[in-house]
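Okay, so here's the structure we're looking at.
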Amino acid sequence: MSKSDFEKILQGEIARIDDAKTSKRNERVIEGFTAEHKAIIGGKEYSVFNSNDYLGLRHNEKVKRAEAEAGEKYGAGPGAVRFISGTMQVHKDLEERIASFHAREAAILFSSAFAVNMAVIHCFLKGQSKDSLVSNDVLVVSDALNHRSIIDGVRVAGLEKHQKAIFEHMNLDDLNRVLAENIGKFRRVVVVSDGVFSMLGEYQDLKKMQEVCDKYDGEYPEGVITIVDDAHGVAAFGESGRGTEEITGGRADVLVGTFGKGFGSDGGYVVADKIYVDYLRESAATYIYSNPFSPGTAGAALAAVNLIDSDEGKNLIEKSRANISLFKERALNGGLKFVTDSRHPIQPILVGDSAKARALADKLFENGILATSISYPVVPKGNDEIRVQISALHSPDELEKLVSSF
Ligand SMILES: Cc1ncc(COP(=O)(O)O)c(C=O)c1O
C-alpha cells in the first residue's frame, strides 16, 4: 500500500464523475469579450446568459477605471492581512459605503461570500461566556435549500446533531414550528437563509421570516439572530438594487453579500450593527487569517456601489427589469414553461429530464448562446432546467434569438 493506491482511488472517483457527465473541470475558456459584451470562445461570439453580472458592471468603464486607479495607487495585492499590514483607505471607504448602502451601522469585508459563511455562522454560535468553543445550548435553523457555503458554514461550527434543524424550503410556518418546539432547550438560536435562491430565482419572504424570529426572540435567553445571505439579490433585485430586503421589506440582523455578482467586481461582505461587526473583526478566522481582496478590486466595488445609486445605475436596473419582462413575455408566447414565476434575472426554463436539459444547453451553445443546464440533485427530479440569467446589457435581438433557439 502506498500513495499510488490513493491515486487509484482519485482516478476512480474522477472516472465516476465523468461517467455521470457531471464533471466541472473542463470548463469553457473565454478569450475575451466583444464591444457588445459577447464572450469569445474558439474565435466565435456567444451571448452570455449564464453570468451573475446582472447589470453588466464588470464591463462598465467607470468600474474598470476605478480598479486600475486603485491598483496604481496601492499596488496589485494587499501585502498581508489587515491587522498585520494595516488597512488600505480604499477598503475602509468601501466598508463605510456598503454599510450606508444597506442603512447599517457597520460593514466588514472578506475575500468572498463563501469565506463569510465559513466564519460568520460559527462566530454567532459560539458559547456565551468563556471561550471559542461552541456551547451545546445553541441551535442553528437553516432553510432546506440553502447555498453550499451556508451548509459548510454550519458544518465547520462543529455542532451536535440535535443542535441543527432544517425548516422546509421557504415554509415560514415550518420555521415557526421549529422555533416553538425548541423553547426551553437552547439559550440562543441562529436562523440562516439565502435571500434569493440561485437555482430557481425565488426568494425568502424576509419580512415574514423576521416577524417569526422576533416573535420567539424573548423566548430564548439570548434571543433569535437572523443571518441572510443575499448574494444574488443585492445589485440585482429591488427598485434601487437593495435586494431581497427591499423586495420584501424585511431586515436581517446580519446581512451577507458579495461584490462578485451584481456589483461586477469581487469579494464578500457583512453589514450589521457595529457590535456584530466588531465581534467578527476579533473572531472570524477567514477575516483574521486571510488576505482582504486586492485594492483594485475594492476600488472597482466602491465605484460599482456608487454607480448603482446614480442615474446610470437606476437606468441599468430599469433596463434589467424591462429585459426580464420582455424575455418572459416572448418565452410564454413561444410556449416555454418556467419552473418558478421568478421576477429576478434568474429565469429557470423547465425541461424536466437531465439528459434533455444537457442536450438543450449544448444545442444553445451551437447557436451561439451560453446558458447552463441544472439537474437533480441540485433541483428536484423532473424539474431539470435551463437556467437563463438575464442582464441589463442584453439587446432585444439577443433575447429574441434566445427564445427562438429554445
Ligand atoms: C447564496 C450564495 N452565497 C455565497 C455565494 C458565493 O459567493 P462568492 O463568489 O462571493 O464566494 C454564492 C455564489 O454562488 C451564493 O449563491
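Both ligands and their constituent atoms are indexed starting at 1 by order of listing.
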ask   = Quick one: which of Thr258, Ile150, Asp266 has a heavy atom closest to atom 10 (O) of ligand 1?
value = Thr258
message = If only side-chain N and O atoms count, and only distance matters, is there a donor-acceptor pair under 3.5 Å linking Asp229 with Asn117?
response = yes
key: Under 3.5 Å side-chain donor-acceptor pair for Thr340 and Glu202   = no
inquiry  = Could you check whether Asp18 pairs with Arg25 (Lys NZ or Arg NE/NH1/NH2 to Asp/Glu carboxylate O, under 4.0 Å)?
reply    = yes
Electrostatic pair Asp19:Arg16 at N-O distance under 4.0 angstrom = no
What protein heavy atom sits nearest [atom], and how far off is it?
{"atom": "atom 5 (C) of ligand 1", "answer": "His147 CE1, 3.5 Å"}
{"atom": "atom 13 (C) of ligand 1", "answer": "Lys261 NZ, 2.5 Å"}
{"atom": "atom 11 (O) of ligand 1", "answer": "Phe114 N, 3.0 Å"}
{"atom": "atom 7 (O) of ligand 1", "answer": "Ala113 CB, 3.4 Å"}

query = Has Ser149 got any heavy atom lying under 4.0 angstrom from an atom of ligand 1?
reply = yes
key: Arg148 near ligand 1 by a heavy-atom separation under 4.0 Å   = no
ask   = Any N/O of Asn117 closer than 3.5 Å to an N/O of ligand 1?
value = no
task = Return the set of residues passing side chain to side chain contact (heavy atoms under 4.5 Å, CB included) with Ile30 (not counting sequence neighbours), or none when no residue passes.
result = Phe33, Ala39, Ile41
query = Taking all atoms of both residues into account, what is the closest heavy-atom pair of Asn367 and Lys401, and its distance?
reply = O-NZ, 2.7 Å
query = Is a side-chain donor or acceptor of Asn176 paired with a backbone partner of Val212 at a separation under 3.5 angstrom?
reply = no
query = Of all the atoms in ligand 1, which lie at a distance below 4.0 Å from a heavy atom belonging to Asp229?
reply = 1 (C), 2 (C), 3 (N), 4 (C)
